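Throughout, a chain's letter reflects where its sequence line sits, starting with A, and its residues are numbered from 1. Source: prediction; values computed, not measured.
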2 protein chains.
Amino acid sequence: MARVTIVQVAERAGVSTASASRALNGLIASAETVEKVMQAARELGYVADATAQSLKRGKTLQLGYAVADIGNPVYVEIMSAIERVVQASGYRLIISSTGTASSSVDVVRDLSRGLVDGMILSPLRVTDDLIAALEAAPIPFVVLGRVPDSAGFDAVRADSSTAMRLVVEHLAAEGRRSLAFLNGPADTTPGALRLEGFRAAVAMHADVRSRLAEAADFTITAGYEAAMPLLTAADRPDAIVAANDLIGLGVLRAAEDLGLSVPSDVAVTGIDDTELAAVVRPGLTSVDLGADARGAAAAEMLLARIADPSRPAHVLTVTPSLVVRGSTVPQRPVALGSAALATPTDEEERTAG
Amino acid sequence: MARVTIVQVAERAGVSTASASRALNGLIASAETVEKVMQAARELGYVADATAQSLKRGKTLQLGYAVADIGNPVYVEIMSAIERVVQASGYRLIISSTGTASSSVDVVRDLSRGLVDGMILSPLRVTDDLIAALEAAPIPFVVLGRVPDSAGFDAVRADSSTAMRLVVEHLAAEGRRSLAFLNGPADTTPGALRLEGFRAAVAMHADVRSRLAEAADFTITAGYEAAMPLLTAADRPDAIVAANDLIGLGVLRAAEDLGLSVPSDVAVTGIDDTELAAVVRPGLTSVDLGADARGAAAAEMLLARIADPSRPAHVLTVTPSLVVRGSTVPQRPVALGSAALATPTDEEERTAG
DNA sequence: CTGAAAGCGCTAACAC
DNA sequence: GTGTTAGCGCTTTCAG
């Protein structure tokens, strides 16, 4: 438990701390010195103090990912992609969960205090406070999500309008004529964009009626509760478009509890195409927003900016694709084989945006 | 993007850096000084450099959670509990995902280099290397899981043997006589312990036959693939005990693809009682290993040790409870109401260990 | 190739 | 109450 410093290593090796440092870091030093220092370090169990190193070097070799709602599997997927890219370039990734309620502002301020060299964030709400904090941040960051163009930030976005269009077109093609959009909180960025996308998509179908509802949260439970009134209404919609997979799952459970059958009584769709959508029965038709691609792109963007701070701001939009499952189209008998679980195949059609 | 230091703040305020520091940290200083310093700091957008602060203070006010497999929802649940406790005591939590393959050794070494004041870890494998790294670590840590008693570490454990006993007793009581235990990798700590627990539990039932199988991973896909041969065997078991919920879900999907009905043809159980178990149909009977309680306890233990390093090592074992759902007992018609989704109620029986 | 010394940004004694 | 100074542990000029 006792901290051993480079001074002790140097003493034991009978050299100066400068030589010890050089030997430890693989800089020029005689073979003999390296030998002595390494052995001393080993015997003492020396590990360089990261705090001191960072202070001296002016960088931490750490990157941060601030995520609002780690309970949502889609963020775990994004995180894994980020981690893959980040690790490959010698950085360490630290995750900071900001909690779904509180704003990310504190996290941005906190982590940019010298703990990380750059960060990626998936904010649920992009407030003025957050923008201000980002502008004032002494380190580069990449935003996963929509952010005002004027700000000139690096960003990676999903394409909500195409996503919603894919869903609405699919449902209309399946003969659905009364759609309900079950959003998450509309004051969140994804909520606002998906709502906008839904409205635009529905406007293109004159024969399709629509209504709006809002769940308290992007969770299964909130989806369940918000679905109940929709499903028990006298003029029940024949399709419910959920703003994400978790809400969609809640709708599925609510329909079941009400004895409604999916998709014959009501079709249901989600967004994000998480593993949950594939595992549940009936499978949840969903739109893959390219979580993996977005995470990887964000990480690469951040690394590129760190390498070249004067680089112009980039904004990348990832194209979504529709994955059709049993919640909108009556299920065909499933072919045997594990592939069905992994990636969409025979039983699942995929339509790019 | 430019770093502003306390020197600049002090200059602008016309005071010494010491006074600036005192004012900023709320130590004794005249009202006038505080005023001037605060304003200068605000104007400059000053944020204290955490690296320098940590170096000077000898502590970071950060705690770490190293988790092998963040893709498993049970770890997300544990993480949330840890975060709750940690935040309440003024520390910040950083998560480090070690990846399911690589050992946690690197993470332990990395984070204990001065980045955090203490850490909690959920290792998948407790190797000698890991033990050695922990013993050499200059900071306190708490292990979530089984660790050799001799080591004298702080630890919080689930009770695998009781968990397996609950499952086996339940299945036996339901008339199942041919059990298969579908483990995850047996060279992991949870794998080894659950296997041991299953063996012991089954030994208490002379009339129950059993067999063993192993999935390549604690995932849905691995569970699916490993379940196939079990379910297509000539002497198909009448119950499959999965080592965790994800594997159990894979079994459910495999049974479905084979046209087997659950629970009449085969009963299935999981472990961890994640939200997935409640959401899938039929609901997956599972054992709640107390993820939330374990996470919270680990965090409290860590804080206690930081407060008092000489405190004797504590080991806490959390009692599991069985949650019965449709995968083992034919489903009764479900009562209306969202409660069904949240906590086990009418439709779900809960049996403490 | 090596050692002495400076200094990263901050806080904490210590005098005043 | 305030300024001066030392120093956290490390890396990195700069002489030698």
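Between A/Q53 and A/K59 the shortest side-chain heavy-atom distance does not fall below 4.5 Å. Looking at heavy atoms from C-beta onward, A/I95 lies out of side-chain contact with B/S96 at the 4.5 angstrom threshold. When side chains are defined from C-beta on, A/I94 does not count as touching B/L115, because their heavy atoms never get closer than 4.5 Å.
Taking for each of B/K56 and A/L27 the nucleotide of DNA chain D with the nearest heavy atom, the 5'-most of the two is the partner of B/K56.
Proximity of a side-chain donor or acceptor of A/D217 to a complementary backbone N or O of A/T219 within less than 3.5 Å is not detected. Using modelled atom types, one side-chain atom of A/R294 and one backbone atom of A/L289 make a donor-acceptor pair closer than 3.5 Å. Proximity of a side-chain donor or acceptor of B/S80 to a complementary backbone N or O of B/V76 within less than 3.5 Å is detected.
A heavy atom lying under 4.0 Å from DNA chain D marks the following residues of residues 12-26 of chain B, by number: B/V15, B/S16, B/A18, B/S19, B/R22. Less than 4.0 Å separates DNA chain D from at least one heavy atom of each of the following residues of residues 29-40 of chain B: B/A29, B/S30, B/T33.
Put simply, B/Q53 has a side-chain N or O that comes within less than 4.0 Å of OP1 or OP2 on C/dT11.
As rounded to whole Å, 14 Å separates atom C1' of C/dC10 from atom CG of B/L61. What separates CD1 of A/I28 from P of C/dC1 is a distance of 6 Å, to the nearest Å. Atoms CG (A/L55) and P (C/dG7) sit 14 Å apart, rounded to a whole Å. Counting to the nearest Å, the C1' atom of C/dG9 and the NZ atom of A/K59 are 18 Å from each other. Between the CD atom of B/Q8 and the P atom of C/dG9 there is a distance of 9 Å, given to the nearest Å.
Applying the ring pair (Phe, Tyr, Trp, His ring centres under 6.0 Å) test to every pair with at least one member in residues 105-148 of chain B, sequence neighbours left out, gives these pairs: B/F141-B/F153.
Every residue two or more places apart in sequence or in another chain that forms a side chain to side chain contact (heavy atoms under 4.5 Å, CB included) with A/S54 is listed here: A/T60, B/T51.
Taking 4.0 Å as the cut-off between side-chain N and carboxylate O, B/R113 and A/D49 do not count as a salt-bridged pair.
Taking five base pairs at each end of the helix from C/dC1-D/dG16 to C/dC16-D/dG1 and finding the rotation axis that steps the C1' atoms of four pairs onto the next four gives two axes whose angle is 40°, to the nearest 10°.
A/D128 CG: 12 or fewer foreign heavy atoms inside a 6.0 Å radius.
When each of B/N72, B/V156, B/V67, B/L144 is tested with B/I78 by the rule side chain to side chain contact (heavy atoms under 4.5 Å, CB included), just one qualifies, namely B/L144.
Of all nucleotides in DNA chain D having an atom under 4.0 Å from a heavy atom of chain B, the first and last in 5' to 3' order are D/dG1 to D/dG9.
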_Apply side-chain hydrogen bond (donor to acceptor under 3.5 Å, both in side chains) to residues B/Y46 and B/T5 and explain how you reach the verdict._
CA-CA 7 Å; B/Y46 171 76; B/T5 74; over 6 Å; no
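Side-chain contact of A/Q39 with A/R12: a donor-acceptor pair under 3.5 Å is absent, judged by distance alone.
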